[in-house]
Amino acid sequence: CHVLQFVPATRPAAQAYYHFNDSTWGGTVLFEKGVYHMWFSEMSNNCSLHMYGAVSRVVHATSLTPAGPFVRQAIALPTFAHNPQVIRAADGTFLLFHIGASVDPDCVPDCRAGGGVKPPTPPHCRSSGHGTSIAVAQSPHGPWERFDYVLPNYTNPSPYIFPNGTVLLAARSDGIHILRAPHWRGPYERILRVGEYEDPFLWRDGSGRFHMLSHDRDGHSGGPDEFFADRGGHWSSADGLAGWAGPVEAYSTEVMWADG
């Protein structure tokens, strides 16, 4: 069960979401009242992905089918917000875990006239940082209330929330760590370091076992981790707190197209 069996991919014009003018990253989907809601990172002002730390924002889109097409609805969180993961709290509240915090609109680079080249930054601007923040809403359409840097020293958050409201969180610092908290607002306690990887996605299967997907942290980790430099790993644990087994190769960089 470790290897993902992907459906052959369609070309860009028929993908779940595609916009020729904007670079995007990732995506998290929830099914709510007959509608699939997706949140993803989008680079503002036609800037390229390598500038994500200055231009990324979170966009909300919807579809009636899980494969799309998804229709853009609105900007859920303006710059800076990146790598969203949305989950329901025990009381039904929508929680949008992400990297970053809001910045002055004047500090967001505009690449529309510069061919993707980063323009000068106004003197009063500073980096928003890359800790984990959480936005809260009562509807998938928002409005979202932002709680900045609930977990300032970790990024790439992927949460699981138990029925009693406690949180199990996979996040990146020097590799992937597992943390827990009595409430989504914290305080968060580090439990263990899983391995030298990044971008975890955490879930629990029907039997109660926890699973996590990840990919290599920087593409050249060395040692036994080097095997996954261009691949994704699958991990699993009985309770999510200890005994994480893995990684086992879950996918590679090879893509099979539906049209051959």
Side-chain angles (χ1 to χ4, degrees), residues 1-2 4 26-32 37-41 58 77 81-100 130-138 140 144-217 228 232-248 250:
C1 67
H2 296 291
L4 298 179
T28 177
V29 178
L30 282 184
F31 184 66
E32 173 71 12
H37 296 265
M38 179 171 67
W39 296 264
F40 57 90
S41 302
V58 175
L77 298 179
H82 189 67
N83 217 70
Q85 288 284 335
V86 179
I87 195 169
R88 301 292 295 273
D91 64 359
T93 300
F94 291 86
L95 303 176
L96 197 165
F97 285 70
H98 63 283
I99 301 171
H130 281 66
T132 290
S133 300
I134 303 173
V136 181
Q138 299 306 312
W144 297 91
E145 180 182 6
R146 298 178 80 153
F147 293 83
D148 294 342
Y149 301 128
V150 174
L151 195 59
N153 297 318
Y154 293 85
T155 62
N156 303 145
S158 184
Y160 176 84
I161 298 183
F162 293 90
N164 65 359
T166 60
V167 182
L168 185 70
L169 182 73
R172 174 189 173 184
S173 182
D174 58 332
I176 295 176
H177 294 252
I178 301 297
L179 305 97
R180 64 182 175 187
H183 188 267
W184 60 264
R185 295 191 68 170
Y188 284 85
E189 172 193 10
R190 177 187 173 278
I191 303 301
L192 78 160
R193 181 180 184 272
V194 175
E196 189 73 14
Y197 298 87
E198 68 166 358
D199 289 345
F201 179 76
L202 179 69
W203 79 97
R204 195 181 191 188
D205 68 23
S207 69
R209 189 172 185 85
F210 286 89
H211 299 264
M212 181 170 61
L213 292 175
S214 67
H215 68 73
D216 182 79
R217 177 176 178 175
F228 290 103
H234 171 249
W235 310 72
S236 65
S237 166
D239 61 7
L241 299 175
W244 280 93
V248 177

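Note that the numbering runs from 1 along the sequence shown for the chain.
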Q. Looking only at heavy atoms, which two atoms of Trp244 and Met212 are closest? And how far apart?
A. CZ3-CB, 3.8 Å
Q | ring pair (Phe, Tyr, Trp, His ring centres under 6.0 Å) involving Trp184 - partner list, sequence neighbours excluded | A | Phe147
Q: Might you work through the side-chain contact (heavy atoms from CB on, under 4.5 Å) test for Gln138 and Thr93, ending with a clear yes or no?
A: CA-CA 5 Å; Gln138 299 306 312; Thr93 300; 3.5 Å; yes
Q) Under the 3.5 angstrom rule, does the side chain of Thr28 hit a backbone N or O of Trp39 as a donor-acceptor pair? A) no
**Q.** Closest contact, heavy atoms only, Pro84 versus His98
**A.** CA-CB, 4.3 Å
Q: Just jot down the ring pair (Phe, Tyr, Trp, His ring centres under 6.0 Å) partners of Phe97, sequence neighbours excluded, or say none.
A: none
**Q.** Interatomic distance, Ile161 atom CD1 to Arg204 atom CZ [nearest 0.5 angstrom]
**A.** 13.0 Å
(Q) Working to the nearest 0.5 angstrom, can you tell me the gap between Arg172 CZ and Ser214 OG? (A) 11.5 Å
(Q) Quick check for you: to the nearest 0.5 Å, what is the distance between His177 atom NE2 and Tyr188 atom OH? (A) 16.0 Å
(Q) Quick check for you: to the nearest 0.5 Å, what is the distance between Asp239 atom CG and Ile191 atom CD1? (A) 10.0 Å
Q. Are side-chain heavy atoms of Phe94 and Arg88 found at a separation under 4.5 Å?
A. yes
Q | Donor-acceptor contact below 3.5 Å, side chain Thr132 vs main chain Tyr154 | A | yes
Q) CG/Asp199 to CG/Asn83 distance, rounded to the nearest 0.5 angstrom? A) 5.5 Å
Q) Arg193 and Gly175: which non-hydrogen atoms are nearest, and at how many Å? A) NH2-CA, 4.2 Å
Q: Please name all residues satisfying salt bridge (Lys or Arg N to Asp or Glu O under 4.0 Å) with Glu145, sequence neighbours left out, ordered by chain then number.
A: none
Q.
Going by the rule side-chain contact (heavy atoms from CB on, under 4.5 Å), which residues pair with Arg209 if we only count those two or more places apart in sequence or in a different chain?
A. Asp205, Ser207, His211, Ser236, Ala238
Q: Please name the pair of heavy atoms, one in Pro247 and one in Gly233, separated by the smallest distance, quoted to 0.1 Å.
A: CB-CA, 4.0 Å
**Q.** With Trp235, the side-chain contact (heavy atoms from CB on, under 4.5 Å) member among Val194, Leu213, Leu202, Ile178
**A.** Val194
Q. Can Leu151 and Leu179 be said to form a side-chain contact (heavy atoms from CB on, under 4.5 Å), step by step?
A. CA-CA 10 Å; Leu151 195 59; Leu179 305 97; 4.2 Å; yes
(Q) Just to verify, which of Ile134, Val136, Val58, Ile87 counts as forming a side-chain contact (heavy atoms from CB on, under 4.5 Å) with Leu96? (A) Val58
Side-chain donor-acceptor distances from residues 162-171 under 3.5 Å, at least two apart:
| unit_1 | atom_1 | unit_2 | atom_2 | d |
| --- | --- | --- | --- | --- |
| Asn164 | OD1 | Thr166 | N | 3.1 |
| Asn164 | OD1 | Thr166 | OG1 | 2.8 |

(Q) Just to verify, what does Asp148 make a side-chain contact (heavy atoms from CB on, under 4.5 Å) with, not counting sequence neighbours? (A) Ala101, Ser133, Arg146
Q. What is the distance from atom CZ of Arg190 to atom CG of Asn153, rounded to the nearest 0.5 Å?
A. 12.0 Å
Q) If you take all heavy atoms of Ser158 and Pro200, which pair is closest and at what distance? A) CB-O, 3.3 Å
